[in-house]
Amino acid sequence: MAVHKVATVFSIYLILIHASILANSAMDPYKALNIILNPNGTLTRLSIPPQSPPSPDPTLPTPVLSKDLPINKSNHTWARIYLSHEQLHHSPNPKLPLIVFYHGGGFIFYSAASTYFHDFCVRMAHATQSVVVSVDYRLAPEHRLPAAYEDSVEALHWIKASKDPWLRHADYSRCYLMGESAGGNIAYTAGLRAAAEVENLKPLKIEGLILIQPFFGGSKRSPSEIRLAEDKTIPLPITDLMWNLSLPFGVDRDYEYSNPTVNGGDKILDGIKVLGWRVAVFGCAGDPLVDRERELVKLLEKKGVHVTGKFYERGRHGIFVGDPSMSVQVFHLLKTLH
């Protein structure tokens, strides 16, 4: 009884804090993100994150080569492939694991060419000795979900059918889907869709998912969202706007795209258990999304999926990509999977 009373008091305390924050918050998320919502539903993005060109020239002394290839010209989707210089020049070498990476950005920002994600993929290809394919998908609100999910699965079929010589260095039987933030959400959903058509993807065989601070939500605020409502990286007004701009019209944050725990989780999770996929979820206590990530781990455990939660006390949203000293935690886990 005493425990129940304390829990109730704490819940009321969180609700009061949340109400206070909403009442006192004067943040204009459009201004904070430097975007303008146009009458036709498109965005004017007033600032573009730094971009990095690919480095496809094998005569240059770079440890990791990269090049861009189109996936669907009609949808303007493409991929950037990363391959170690050593692998290219010392054939035949043992084939390398394949990592399909989906960038973050709240579904509305960034691309596979963004320096922030390009540098991470370079480090990952080098540190893990993997072939990395970073997918550039359509952004919201110009293309609301499920467009990004459709592009992510199309990319898997494109890889399967590609004759590109760099991809010949990849071991298609050791494929992992990885994403950060919104990309983690995409990797998870792409995984669900891929699990429903494993035969159609052969010889591509997915072995697992690596979800780095995946972007999920829900109508009811989690304790970490309330505690970190005014977080400097992704405060609540920002995440709410991102969901409003990316979810299909007429649904709320308890829709399956944003809340993976709704209705007890997707039925295909039973299939992922049978397939023996391994799932890793990275998070940290300083991220407003951390409770959502813990909920996902609990759901997967309940479904019997082989899942590992890698949670850290320090940090913020984006730290595993933006901070090389934390990126190595992801790379270390990847090497254990190989």
Side-chain angles (χ1 to χ4, degrees), residues 99-102 104 106-107 135 137-138 140 143-157 160 175-202 204-222 225 239 242-243 246-283 289-311 337:
I99 301 170
V100 182
F101 180 77
Y102 304 103
F107 303 106
V135 178
Y137 51 85
R138 288 172 291 173
H143 305 282
R144 288 176 176 264
L145 297 174
Y149 302 148
E150 293 166 355
D151 295 343
S152 65
V153 175
E154 183 178 32
L156 300 178
H157 286 276
K160 160 195 164 181
C175 176
Y176 300 89
L177 307 188
M178 174 191 287
E180 190 253 9
S181 193
N185 175 304
I186 292 170
Y188 178 76
T189 307
L192 294 178
R193 295 184 175 205
E197 53 168 321
V198 288
E199 293 298 320
N200 293 333
L201 286 170
K202 288 183 176 179
L204 199 65
K205 182 184 177 186
I206 297 169
E207 291 284 289
L209 312 175
I210 297 94
L211 313 178
I212 307 171
Q213 297 179 290
F215 184 30
F216 290 114
S219 295
K220 183 180 178 182
R221 302 296 190 192
S222 72
E225 287 171 340
T239 56
M242 288 174 168
W243 287 124
S246 59
L247 286 172
F249 290 112
V251 305
D252 61 20
R253 293 191 303 273
D254 278 333
Y255 193 61
E256 59 183 321
Y257 295 168
S258 48
N259 188 347
T261 67
V262 70
N263 297 323
D266 198 294
K267 290 187 173 75
I268 199 65
L269 289 175
D270 295 326
I272 288 179
K273 173 189 174 182
V274 172
L275 290 169
W277 288 10
R278 300 175 68 181
V279 181
V281 181
F282 283 83
L289 304 180
V290 68
D291 284 348
R292 301 288 178 192
E293 294 150 6
R294 292 186 187 277
E295 288 173 3
L296 177 63
V297 170
K298 290 179 181 177
L299 170 67
L300 295 176
E301 288 175 340
K302 184 178 179 181
K303 292 288 186 176
V305 175
H306 188 293
V307 59
T308 301
K310 305 289 284 187
F311 293 99
L337 295 178

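Counting from 1, the numbers follow the sequence of the chain as shown.
Side-chain contact between Phe107 and Leu247: absent, with no pair of heavy atoms (C-beta onward) separated by less than 4.5 Å. Contact of the Pro214 side chain with the Val281 side chain is registered, since non-hydrogen atoms from C-beta on lie closer than 4.5 Å. Using a 4.5 Å heavy-atom cutoff, the side chains of Val135 and Asp151 are not in contact. With a 4.5 Å cut-off on side-chain heavy atoms, Glu197 and Val153 count as touching. Considering only heavy atoms from C-beta on, Glu295 stays 4.5 Å or farther from Phe216 through its side chain. Side-chain contact check for Leu337 versus Ile210: some heavy-atom pair is nearer than 4.5 Å.
Legend: residues meeting side-chain hydrogen bond (donor to acceptor under 3.5 Å, both in side chains) with Lys202, ordered by chain and number and at least two apart, are Glu199. Evaluation of the side-chain contact (heavy atoms from CB on, under 4.5 Å) rule for Ala147 yields Arg138, His143 as partners, not counting sequence neighbours.
Distance check: Arg294 CZ to Leu289 CG gives 12.5 Å after rounding to the nearest 0.5 Å. Between the NZ atom in Lys205 and the NZ atom in Lys160 there is a gap of 16.0 Å [rounded to 0.5 Å].
Contact record, Glu225 with Ser222: OE1-N, 2.8 Å, taken as the closest heavy-atom pair. Taking each heavy atom of Tyr102 and Ala190 in turn, the nearest pair found is OH-CB, 4.2 Å. In terms of heavy atoms, Ala187 sits closest to Leu177 at O-CD1, 4.0 Å. Closest approach of Ile186 to Ser152, counting heavy atoms only: CG2-CB, 3.6 Å.
Of the residues Ile212, Leu209, Val100, the one that meets the side-chain contact (heavy atoms from CB on, under 4.5 Å) test with Met178 is Ile212.
Screening residues 175-195 for side chain to side chain donor-acceptor pair (under 3.5 Å), with sequence neighbours left out, gives Tyr149-Asn185, Ser181-His317.
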Can you list, pair by pair, the side-chain donor-acceptor contacts under 3.5 Å of residues 302-311, counting residues two or more places apart and other chains?
residue : atom : partner : partner atom : Å
Lys303  : NZ   : Gly264  : O            : 3.4

Throw together a table of side-chain donor-acceptor distances under 3.5 angstrom for residues 266-278, partners on residues two or more places apart or in other chains.
residue : atom : partner : partner atom : Å
Asp266  : OD1  : Ile268  : N            : 2.8
Trp277  : NE1  : Ile206  : O            : 2.9

Please report, to 0.1 Å, the donor-acceptor pairs under 3.5 Å made by any side chain of residues 249-260, with sequence neighbours excluded.
residue : atom : partner : partner atom : Å
Asp252  : OD1  : Asp254  : N            : 2.9
Arg253  : NE   : Gly218  : O            : 3.0
Arg253  : NH2  : Ser219  : O            : 3.4
Asp254  : OD1  : Ser219  : N            : 3.2
Asp254  : OD1  : Asn259  : ND2          : 2.9
Asp254  : OD2  : Ser219  : OG           : 3.2
Ser258  : OG   : Arg253  : O            : 2.7
Ser258  : OG   : Tyr255  : O            : 3.2
Asn259  : OD1  : Thr261  : N            : 3.1
Asn259  : OD1  : Thr261  : OG1          : 2.6

